[in-house]
Number of protein chains: 2
Amino acid sequence: MISKKEHHTDTPLHLDEKDMGILRLLQQDAKMTIRDIAGQLNLSTTPVYERIRKMEQAGVIKQYAAIVDPRKIDKSLTVLCYITLKEHNKKCGKKFIQEILNFTEVTECLNISGEFDFMIKVQVKDMDEYREFYVNKLGELDNLSHTQSIFVISVIKATHQVVF
Amino acid sequence: MISKKEHHTDTPLHLDEKDMGILRLLQQDAKMTIRDIAGQLNLSTTPVYERIRKMEQAGVIKQYAAIVDPRKIDKSLTVLCYITLKEHNKKCGKKFIQEILNFTEVTECLNISGEFDFMIKVQVKDMDEYREFYVNKLGELDNLSHTQSIFVISVIKATHQVVF
DNA sequence: CTTAATTTGGAACAAATTTCTATTTTATTA
DNA sequence: TAATAAAATAGAAATTTGTTCCAAATTAAG
């Protein structure tokens, strides 16, 4: 499709019902052909093509991704790990964030309200691999005050769908 | 690409380094051409094409998705809502799950260990819209015992990358 | 109502995917 | 170790899809 590593601008973009229709379809299946999208929305290929291009450039569409099933690649254990830092100044926060970004086991890191400062989602093979991560990677950070691990028993719903 | 709504089987599939290389690339950019992938991995198009097809059919690649930036479509508030049920028998659990699946605001629902039974991730416009969801949708379920809302202050990391 | 700006349809073109066949590589067995 | 079978690969041909172009239609502004 389009998206040849062109930098997306932050131009605001008003999305009408046709744009939303396109997003709805592409969220579910990014491999739909422009012709098929056009067919479903009763348009021709050109407007669909142009609208997708604009949404890519505006950053509405951030990425096209192949979604891999963790269970099929032996990364079946998901753990939510809650973290509080000892010190909360800017420098310490930046350092923590930088190190978290480098941990490939961490698929998500949220700065949150409440008792803890951060929630990280860790995707690993099994409990052994989690312990390895918890002790030798997370445990080596020097600004940690308190952590709590919550284990995911089953995934009921997981979607990227934010346009309806 | 491939993936013309063919049913994926659950055939186990051994993934070698070439498959992993393909997944690595497609996770980051599903629009990469087979030629480019082949170029980067020093292969020709056919093996890359066949390997992708096999991984689609085996369910390793679950989906190709356009990732939409929630901020660009006015869904900037993310809330983690923790839930315990009154009754935990199979029937009640199924009912709860069924209703959660229908809430478009809920992008994720995990059955978890610890104090609460479920964590749901809710993606909305603002606090008004969250209140609306919390009171009129979630609050209308009849099996809820206790809930807690944790608000996401900022997203540090969010990836779908599980192959490295 | 008239004009300007934007959006759209449909056809022509370029580029990608998909298929096919011959060849090479890997694995198996004698 | 050599011979054979099975699987994977390269390269080119066929097909499908993405992209561009321009004229027509629609919308917005004066």
Side-chain angles (χ1 to χ4, degrees), chain A residues 1-9 11-68 72-73 163, chain B residues 1-9 11-68 72-73 163:
Chain A
M1 199 162 297
I2 311 134
S3 72
K4 303 283 182 194
K5 61 193 161 218
E6 296 150 21
H7 280 294
H8 67 80
T9 63
T11 315
L13 184 61
H14 173 71
L15 301 177
D16 61 18
E17 257 312 310
K18 289 170 186 171
D19 293 312
M20 302 283 267
I22 293 171
L23 286 181
R24 247 186 297 272
L25 294 171
L26 287 181
Q27 278 186 144
Q28 296 176 259
D29 180 9
K31 293 284 184 196
M32 273 191 80
T33 66
I34 294 182
R35 279 191 178 77
D36 286 347
I37 296 169
Q40 291 215 20
L41 302 179
N42 286 100
L43 290 169
S44 68
T45 59
T46 311
V48 174
Y49 178 83
E50 291 295 337
R51 284 162 179 269
I52 292 174
R53 197 176 55 76
K54 277 182 189 164
M55 290 192 286
E56 287 174 0
Q57 288 177 349
V60 173
I61 297 174
K62 281 196 295 187
Q63 187 191 7
Y64 295 98
I67 309 299
V68 173
K72 295 288 171 65
I73 57 160
V163 181
Chain B
M1 202 161 295
I2 310 133
S3 72
K4 303 283 183 193
K5 63 193 159 220
E6 296 149 20
H7 281 294
H8 67 79
T9 64
T11 315
L13 184 61
H14 173 70
L15 302 177
D16 61 18
E17 257 313 309
K18 289 169 186 173
D19 293 312
M20 302 284 266
I22 292 170
L23 287 180
R24 249 186 294 274
L25 294 172
L26 287 180
Q27 278 186 143
Q28 296 176 258
D29 180 9
K31 293 285 184 195
M32 271 191 81
T33 67
I34 294 180
R35 272 200 192 77
D36 287 348
I37 295 170
Q40 289 214 20
L41 302 179
N42 286 100
L43 290 169
S44 67
T45 59
T46 310
V48 174
Y49 177 82
E50 290 297 337
R51 283 162 180 271
I52 292 173
R53 196 177 57 76
K54 277 182 189 164
M55 290 192 286
E56 286 174 359
Q57 287 178 350
V60 174
I61 296 174
K62 283 196 295 187
Q63 185 191 10
Y64 295 97
I67 309 299
V68 174
K72 294 289 170 63
I73 58 160
V163 181

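Letters go in sequence order (proteins before strands), and every chain restarts at 1. Since we're looking at a predicted model, the values are computed, not measured.
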### Full working for salt bridge (charged side-chain N to carboxylate O under 4.0 Å, His left out) between A:Glu50 and A:Arg53
CA-CA 5 Å; A:Glu50 291 295 337; A:Arg53 197 176 55 76; 2.8 Å; yes

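Between B:Glu50 atom CD and D:dA7 atom P the separation is 13 Å, expressed in whole Å. For the pair A:Arg35 CZ and C:dT17 C1', the computed distance is 13 Å after rounding to whole Å. Atom pair A:His14:NE2 and D:dA28:P shows a separation of 11 Å (rounding to whole Å applied). What separates CG of A:Asp19 from P of C:dT8 is a distance of 9 Å, to the nearest Å. Per the geometry, CG belonging to B:Leu43 stands 14 Å off C1' belonging to D:dA7, to the nearest Å. If you measure from atom CG of A:Asp16 to atom P of D:dT26, you get 17 Å, rounded to the nearest angstrom. Summarising the geometry, the separation between OH on B:Tyr49 and P on C:dT18 is reported as 4 Å, rounded to the nearest angstrom. Rounded to an integer number of Å, the gap from CD1 of B:Ile34 to P of D:dA14 is 19 Å.
The shortest distance between side-chain heavy atoms of B:Leu26 and B:Ile37 falls below 4.5 Å. No side-chain heavy atom of B:Lys62 sits less than 4.5 Å from a side-chain heavy atom of B:Glu56. For the pair B:Leu43 and B:Lys18, the minimum side-chain heavy-atom distance is below 4.5 Å.
Between C:dT8 and A:Arg51, a contact under 4.0 Å exists linking OP1 or OP2 to a side-chain N or O. Taking 4.0 angstrom as the limit, A:Lys31 places none of its side-chain polar atoms (N or O) nearer than this to OP1 or OP2 of D:dT17. For A:Lys54, a side-chain nitrogen or oxygen approaches OP1 or OP2 of C:dT7 to under 4.0 Å. Distances shorter than 4.0 Å separate none of the side-chain N or O atoms of A:Arg53 from OP1 or OP2 on D:dG18. For C:dT8, the OP1/OP2 oxygens have a side-chain nitrogen or oxygen of A:Lys18 closer than 4.0 Å.
In this structure, the side chain of B:Asp19 engages the main chain of B:Asp16 through a donor-acceptor pair within 3.5 Å. Judged purely by atom type and a 3.5 angstrom limit, B:Gln63 has no side-chain atom pairing as donor or acceptor with the backbone of A:Asp29. No donor-acceptor pair under 3.5 Å is formed between the side chain of B:Lys72 and the backbone N or O of A:Ile61.
In this structure, of C:dT18, C:dA11, C:dG9, it is C:dG9 that holds the atom nearest to the side chain of A:Ser44.
For D:dG11, the base has a donor-acceptor partner in the side chain of B:Thr46 [N/O atoms by modelled type, under 3.5 angstrom].
Between its two ends, the helix from C:dC1-D:dG30 to C:dA30-D:dT1 turns its axis by 40°, counting five pairs per end and rounding to 10 degrees.
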